[in-house]
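These notes concern the structure reproduced below.
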Amino acid sequence: MSLTASPPVSLAFSSRPRNGGALFRSLLAGRPAQAAPDQLSIAIDAHWHGAQADARRLKQYREVCGLTDVGFLPPLYLHAMAMPLHMAVMSHPQFPLRLLGLVHLANSMQCLRPIGDFETLDMDCQLHGIEATERGQTFTLHTRLQTAGETVWTETSTFLAPLPRNGKRQPPDDLPDWGSPVARWEVAGNAGRRFAGPSGDWNPIHMSAFTARLFGYPRAIAHGMFSAARCLDLLCRDLPACAPLHIDLRFKRPLLIPGEVALHTRQEADSTRFVLNVLPQGEPHIEGTLRRL
């Protein structure tokens, strides 16, 4: 029997989308952990015209992540700005997956030019279906920022709705020798709560040991985009503030907090590869690539 594609859903906002309580509304609505086959063709596009950074959130974001203020929006803060639009898509009644339990797998973005702190932007986000894989169902959110018709930043964010584990632990990766770290730092136990406000990500796995244990973690875990923001700030300090960049991030293993991490880098022909390892075992928390365009 052939499946009929769902008609696309289109959303438009002239101010910051409000999605308070979306995580728990999704749970109370009884959404499944896996979408039914006839729901995999879901298509949603959302637009926010006249988006601007919130001064208080931006200041808090820089403080929490320990970022250098170079007069332009930090690349990953743009992801935080887009979070309300992402949540508008994923909290829509026709979105078929439960939000709690989704795993952020990867992010890829192009920062085509520096964006001023309070530049006015038009933002759009698109979801084109859900794919069934061996690990579960995956989907990608495609986000674009424009000003005066010029595309200045694009991003793809890929998520996994995982299938239940079969009890077998995946063997550890064959970890390469990255040499000595270029930086190491401690991550406080309240980092998840501090980052939730400016990032808009209030997933309970980041908030406290108690709420994290409800989802199978022994204590809270750090936001992957929080860890990545610190890495990129360190890696970009030797680059011109106006340099266009391509950034790839792959989120490997959770960072239990409090914890300690070490940043390693490797220079390649036209890019810098990096890994943020969790100490003391040295397992990768984030792997990524930074390349000037």
Side-chain angles (χ1 to χ4, degrees), residues 19-34 64-65 76 79-80 83 86-87 90-91 97-107 133-139 141 157-173 175 184-231 249-263 275-288:
N19 306 295
L23 286 171
F24 294 99
R25 286 200 306 274
S26 166
L27 186 63
L28 294 173
R31 290 188 190 176
Q34 300 287 296
V64 170
C65 298
L76 298 195
H79 172 85
M83 190 72 177
H86 294 174
M87 289 301 296
M90 293 188 290
S91 64
L97 291 168
R98 184 187 308 151
L99 300 189
L100 288 170
L102 292 179
V103 178
H104 192 179
L105 289 181
N107 242 69
T133 73
E134 290 184 356
R135 296 178 59 192
Q137 295 175 342
T138 65
F139 65 92
L141 299 179
S157 296
T158 302
F159 297 85
L160 169 71
L163 289 168
R165 295 180 180 178
N166 58 13
K168 297 180 181 179
R169 291 182 61 86
Q170 186 176 359
D173 297 336
L175 302 177
R184 56 191 294 171
W185 62 90
E186 295 182 353
V187 182
N190 65 352
R193 294 191 296 276
R194 294 186 64 214
F195 187 69
S199 71
D201 185 348
W202 292 90
N203 192 317
I205 61 176
H206 305 300
M207 297 297 103
S208 70
F210 172 75
T211 54
R213 280 195 292 269
L214 298 176
F215 298 91
Y217 296 98
R219 58 184 193 269
I221 66 173
H223 293 77
M225 295 299 277
F226 163 77
S227 301
R230 182 73 184 274
C231 293
L249 302 169
R250 296 173 301 283
F251 304 103
K252 306 295 286 185
R253 290 174 175 80
L255 167 61
L256 298 173
I257 51 178
E260 187 177 6
V261 292
L263 176 64
V275 63
L276 187 67
N277 285 334
V278 180
L279 299 176
Q281 289 87 0
E283 293 186 332
H285 171 41
I286 297 173
E287 292 181 354

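The first residue of the sequence shown is numbered 1, and numbering continues consecutively from there.
- Taking all atoms of both residues into account, the shortest heavy-atom contact from W202 to M207 is CE3-SD, 3.9 Å.
- Closest approach of W185 to C231, counting heavy atoms only: CH2-SG, 4.2 Å.
- Atom OG1 of T158 is separated from atom CG of L141 by 8.5 Å, given to the nearest 0.5 angstrom.
- Among all heavy-atom pairs drawn from I205 and F215, the shortest one is CG2-CB, 3.8 Å.
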For M225 and D201: C-alpha separation, side-chain torsions, deciding distance, then whether side-chain contact (heavy atoms from CB on, under 4.5 Å) applies.
CA-CA 10 Å; M225 295 299 277; D201 185 348; over 6 Å; no

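- Residues in residues 216-231 take part in these side chain to side chain donor-acceptor pair (under 3.5 Å) pairs, two or more places apart or across chains: S227-H285.
- Annotation: salt bridge (charged side-chain N to carboxylate O under 4.0 Å, His left out) contacts of E186 (sequence neighbours excluded): none.
- None of R250, E283, E287, K252 except one satisfies the side-chain contact (heavy atoms from CB on, under 4.5 Å) rule with V275; the exception is E287.
- Shown here for L256 and P218, the closest heavy-atom pair between the two residues is CD1-CG, 3.8 Å.
- The CZ atom of F159 sits 7.0 Å away from the CG atom of N107 when rounded to the nearest 0.5 Å.
- Side-chain atoms of Q34 come within 3.5 Å of backbone N or O of A161 as a donor-acceptor pair.
- Contact detail for A33 and L97: the closest heavy-atom pair is O-CD2, 3.5 Å.
- From R253, atom CZ reaches atom CG of L276 across 13.0 Å, with rounding to the nearest 0.5 Å.
- Side-chain atoms of V103 and R135, non-hydrogen and from C-beta on, never get closer than 4.5 Å to each other.
- The CG atom of L102 sits 10.0 Å away from atom CD of Q137, with the distance rounded to the nearest 0.5 Å.
- Taking all atoms of both residues into account, the shortest heavy-atom contact from F195 to C65 is CE1-SG, 3.6 Å.
- For A220, the side-chain contact (heavy atoms from CB on, under 4.5 Å) partners at least two apart in sequence or on another chain are I257.
- To the nearest 0.5 Å, the span separating NE2 on H86 from CG on L99 amounts to 13.0 Å.
- S208 OG to L214 CG: the interatomic distance, rounded to the nearest 0.5 Å, is 8.0 Å.
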